[in-house]
Asks: 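One structure coming up, written as structure tokens, with questions to follow.
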Amino acid sequence: MKLRKTTAGLLGVGAICIRIALSQAKWGPTLASRVEVSTPVTSILRVAEGLHLMKLGLSPYAGSALHAPPLLLLPLEHFSDIQRPYTILPFVLADVACAILLYLTALTFVRHTERQPSIVPEKSRPGTSVDSTTTTTPASEPSSIPQLCALAYLLNPCSIVACVGASWSSFEATAILIALYGAATRTPPLAAFGVAAAAYLSLFPALLVVPVAVMLCNGLDSHPTDPLLSTTSNVRRGPVLVIFAINLVMWATCLDLLSSMMLRGFEGKWWVAETYGFLLTVPDLSPNIGLYWYLFIELFDFFRPLFLAAFLCQPLVTLAPLMIRFYHRPLFVATCLTMLTATLKPYPSVADIGLYLSLLPMFSRQLVHMKFGFLIMNGFVACGVLGPVFWHLWIETGAANSNFYYAVTLALASTQVLLLCDVLSATVDYDHLIKHKRK
């Protein structure tokens, strides 16, 4: 089904109006206090405390509440009071930027893949097996995929509540999408800026440097036996990698210098320990939708380094197998890494889920082979409903305990892992069918 651009535009404007209406209805403070929306890292309330300390002539990290990078304080200086109606403005603009970047990235991706033959399931009669057929028409209308990606972000409830709750995860999402767009258009300086900015904000997106570099050298996704991957590329890989590396180091250095200049007169590099050290040591075990807090509360301190290393290193360990198996699909690998880090990072929020769900429509060709879509959808819905209910029973009424809420976080993590496995399995099946049909 083709989605008209006028319809998509109206839906996008409606999504922005929903954000503004919820903010005007004073939902901002409520959502900003929700553990599903705000984490110890992305909470606007902690940013406000850091700004208040700066006004008093103290370091913003003196109170051990702020764990955001220093440069994030500048754009939020006048938008840190969640009670004011205009506080939502920079977060709405960030969401609009994310939607535009998703649209442009998906448009570039579709133009690259629309000339490739696709494998779509062929409807069979009752009692017969389902076969696959090769066609030159994409499995879904290609002109609609960019609009679907943008709308999947703007209309996603996860993105909406994160925006209204003033979680600065939308800035991290913008940086990630800048990196992917720069890689898709083979613009090394832009891709390097996106990777450096995303890693500066949250550290974990630094893993994207590998798939982004592969995209800059080899282009976007292709078939595993596609000769275009090695013969028609006019890009000289060596110079491209050198330019990308130089720009990456330059942007990272600039961000570090600007941070040091902003905190001149305070404690120097203390902010590194309060931001990146905080993410790597996980000292705050307040409840969230992640896996760390309950486990580390119950865990003996002797085993803490082992489990901490196991959780934190999992995306890094998975990077090499993903790149080896899906070397021809670097954008797909970047999406899988985003999904994996959203599941295993110490302080996740619903904004991380909204980001990778908006990237998946780009891969509709291979995702038509998914087997557990209905189960995954119901898993997300069940977690979204039961999470606030069990939180209310635990914290507000005292009728339940922490086991109830942690059961929901385990169910959410299981749902995300099942989604990742199903996406990988569908892509493997799609590549197998491509190879089979070409023989």
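What you are looking at is a predicted structure, and each value in this text was computed from that prediction instead of being measured.
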Asks: Please check this pair: side chain of T87 against backbone of D81, looking for a donor-acceptor N/O pair closer than 3.5 Å.
Replies: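 Side chain of T87 to backbone of D81: a pair is present.
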
Asks: Less than 4.5 Å apart, side chain to side chain, heavy atoms only: is that true for K345 and V282?
Replies: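 Heavy-atom side-chain distance check fails, nothing below 4.5 Å.
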
Asks: Dump the intermediate steps for salt bridge (charged side-chain N to carboxylate O under 4.0 Å, His left out) on D422 and K371, then the final yes or no.
Replies: CA-CA 7 Å; D422 202 14; K371 302 178 180 64; 5.5 Å; no

Asks: Looking only at non-hydrogen atoms, find the nearest pair between T174 and S170 and report the distance.
Replies: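 The pair with the smallest heavy-atom distance is OG1-O, 2.8 Å.
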
Asks: For N288 and V35, indicate whether the former's side chain and the latter's backbone hold a donor-acceptor pair under 3.5 Å.
Replies: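 Pair absent, no side-chain N/O of N288 close to backbone of V35.
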
Asks: Of all heavy-atom pairs between W251 and A192, which one has the smallest distance, and what is that distance?
Replies: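 Minimum heavy-atom separation between W251 and A192: CD1-C, 3.9 Å.
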
Asks: Please evaluate residues L279 and F204 with respect to the criterion side-chain contact (heavy atoms from CB on, under 4.5 Å), reporting the C-alpha separation (whole Å), side-chain torsions for both, the decisive distance (0.1 Å), and the verdict.
Replies: CA-CA 9 Å; L279 292 174; F204 298 104; 4.2 Å; yes

Asks: Would a distance-only check, ignoring hydrogens and angles, find a side-chain to backbone donor-acceptor pair under 3.5 Å from Y292 to L344?
Replies: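 Yes, Y292 side chain to L344 backbone: donor-acceptor pair under 3.5 Å.
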
Asks: List in chain and number order the residues that pass side chain to side chain contact (heavy atoms under 4.5 Å, CB included) with D284, two or more places apart in sequence or in another chain; answer none if no residue qualifies.
Replies: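 Result, side chain to side chain contact (heavy atoms under 4.5 Å, CB included) vs D284: P40, R46, F278, S286, Y347.
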
Asks: I need the S402 OG to I297 CD1 distance, nearest 0.5 Å.
Replies: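 Atom-to-atom, S402:OG and I297:CD1 are 7.0 Å apart.
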
Asks: For the CD atom of Q366 and the CG atom of D429, what is their distance to the nearest 0.5 Å?
Replies: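 These two atoms lie 11.0 Å from each other.
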
Asks: In sequence, state the C-alpha distance, the side-chain angles, and the governing distance for L66 and W271, and then conclude on side-chain contact (heavy atoms from CB on, under 4.5 Å).
Replies: CA-CA 9 Å; L66 179 65; W271 69 271; over 6 Å; no

Asks: Looking at G219 and P330, what are the two nearest heavy atoms and their distance?
Replies: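 Scanning both residues completely, I find the closest heavy atoms to be O-CG, 3.6 Å.
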
Asks: Looking at W391, I'd like to know if its CH2 atom is crowded, meaning that more than 12 non-hydrogen atoms belonging to other residues, nucleotides or ligands lie closer than 6.0 Å.
Replies: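 Atom CH2 in W391 is crowded, with more than 12 foreign heavy atoms closer than 6.0 Å.
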
Asks: Measure from the side-chain N and O atoms of N247 to the backbone N and O of I243, and report whether any donor-acceptor pair falls under 3.5 Å.
Replies: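 A pair under 3.5 Å: yes.
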
Asks: Work out which heavy atom in A152 is nearest to a heavy atom in N156; give both atom names and the distance.
Replies: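 Closest pair (atom of A152, atom of N156, distance): O-CB, 3.0 Å.
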
Asks: Could you report the tightest heavy-atom contact between M362 and C149, atom names first, then the distance?
Replies: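 Reported closest heavy-atom pair: CG-SG, 3.5 Å.
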
Asks: Looking at A162 and A351, what are the two nearest heavy atoms and their distance?
Replies: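 In this case the closest contact between A162 and A351 is CB-CB, 3.7 Å.
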
Asks: Would a line drawn from the ring center of F79 to the ring center of F91 be shorter than 6.0 Å?
Replies: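 Aromatic pair excluded; centres sit 6.0 Å or further apart.
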
Asks: Taking S159 for its side chain and Y153 for its backbone only, find out whether a donor-acceptor pair lies under 3.5 Å.
Replies: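 Confirmed, S159 side chain pairs with Y153 backbone.
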
Asks: Distance check, rounded to the nearest 0.5 Å: T187 atom OG1 versus L216 atom CG?
Replies: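 CG of L216 is found 8.0 Å from OG1 of T187.
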
Asks: Please test R34 against V350 for side-chain contact (heavy atoms from CB on, under 4.5 Å), starting from the C-alpha separation and ending with a verdict.
Replies: CA-CA 11 Å; R34 295 294 309 180; V350 292; over 6 Å; no

Asks: Indicate whether the side chain of T42 and that of T39 have a donor and an acceptor atom separated by less than 3.5 Å.
Replies: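 Note: T42 and T39 side chains meet the donor-acceptor criterion.
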
Asks: How are the rings of F326 and H328 set relative to one another: parallel (under 30°), tilted (30 to 60°) or perpendicular (over 60°)?
Replies: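 The arrangement is tilted - the two ring planes meet at 30° to 60°.
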
Asks: Just so I know, are the side chains of I88 and Q24 near enough to count as touching, which here means a heavy-atom distance under 4.5 Å?
Replies: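 Counting from C-beta outward, I88 and Q24 never come under 4.5 Å.
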
Asks: Would you confirm whether the ring centroid of Y405 sits within less than 6.0 angstrom of the ring centroid of Y294?
Replies: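 Ring centres of Y405 and Y294 not closer than 6.0 Å.
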
Asks: Going from CH2 on W293 to OH on Y406, what distance comes out if it is rounded to the nearest 0.5 angstrom?
Replies: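 These two atoms lie 7.5 Å from each other.
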
Asks: Considering only residues two or more places apart or on different chains, which pairs with a residue in residues 196-214 satisfy side chain to side chain donor-acceptor pair (under 3.5 Å)?
Replies: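 Every pair satisfying side chain to side chain donor-acceptor pair (under 3.5 Å) with a residue in residues 196-214: E172-S202, Y200-S259.
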
Asks: Using a 3.5 Å distance criterion without hydrogens, assess whether the side chain of R19 forms a donor-acceptor pair with backbone atoms of G14.
Replies: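 Side chain of R19 to backbone of G14: no pair is present.
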
Asks: With rounding to the nearest 0.5 angstrom, report the NZ to CD1 distance, K26 to I82.
Replies: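 So the gap between those two atoms works out to 10.0 Å.
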
Asks: Run the ring-ring contact (aromatic ring centres under 6.0 Å, His included) test on F307 and F296 for me, step by step, so that the C-alpha distance in whole Å, both residues' side-chain angles and the decisive distance to 0.1 Å come before the verdict.
Replies: CA-CA 9 Å; F307 282 86; F296 286 175; 7.3 Å; no

Asks: I'd like to check W168 versus P69 (side-chain heavy atoms, cut-off strictly below 4.5 Å). Are they in contact?
Replies: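 Side-chain contact under 4.5 Å: yes.
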
Asks: State the SG-CD distance between C383 and Q416, to the nearest 0.5 angstrom.
Replies: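 CD of Q416 is found 8.5 Å from SG of C383.
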
Asks: Can you list the residues that meet the side chain to side chain contact (heavy atoms under 4.5 Å, CB included) rule with T281, with sequence neighbours excluded?
Replies: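 With sequence neighbours excluded, T281 shows a side chain to side chain contact (heavy atoms under 4.5 Å, CB included) to P283, given in chain and number order.
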
Asks: May I ask you to decide if T275's main-chain N or O and H67's side chain share a donor-acceptor pair within less than 3.5 Å?
Replies: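 Between the backbone of T275 and the side chain of H67 there is no qualifying donor-acceptor contact (under 3.5 Å).
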
Asks: Check whether any side-chain N or O of T338 sits under 3.5 Å from a backbone N or O of A334 as a donor-acceptor pair, and report yes or no.
Replies: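 A pair under 3.5 Å: yes.
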
Asks: Hey, does P211 have a side-chain heavy atom less than 4.5 Å from the side chain of F332?
Replies: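 When only atoms from C-beta onward are counted, P211 and F332 do not touch, as no gap falls below 4.5 Å.
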
Asks: Can you tell if the side chain of C336 reaches within under 4.5 Å of the side chain of L424, non-hydrogen atoms only?
Replies: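 Answer yes - side chains close enough.
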
Asks: Of all residues at least two apart in sequence or in a different chain, which pass the side chain to side chain contact (heavy atoms under 4.5 Å, CB included) check with L280?
Replies: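 Per chain and number, L280 pairs via side chain to side chain contact (heavy atoms under 4.5 Å, CB included) with L203, L312.
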
Asks: If a pair satisfies salt bridge (Lys or Arg N to Asp or Glu O under 4.0 Å) and one of its residues is in residues 63-77, list it, with sequence neighbours excluded.
Replies: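 Found none.
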
Asks: Would L386 and F404 count as a side-chain contact (heavy atoms from CB on, under 4.5 Å) here? Give the steps.
Replies: CA-CA 9 Å; L386 293 178; F404 285 71; over 6 Å; no

Asks: Do T343 and L420 come close enough that some side-chain heavy atom pair is under 4.5 Å?
Replies: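 The answer is no; the side chains never approach within 4.5 Å.
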
Asks: Any side-chain heavy atom of F363 within less than 4.5 Å of one from T335?
Replies: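 The answer is yes, as the side chains (C-beta and beyond) meet within the 4.5 Å cut-off.
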
Asks: Hey, are the side chains of V47 and I44 touching, using non-hydrogen atoms and a 4.5 Å cut-off?
Replies: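 Touching, per the 4.5 Å side-chain cut-off.
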
Asks: Applying side chain to side chain contact (heavy atoms under 4.5 Å, CB included), can you list everything that pairs with N378, at least two apart in sequence or on another chain?
Replies: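 Listed in chain order: F374.
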
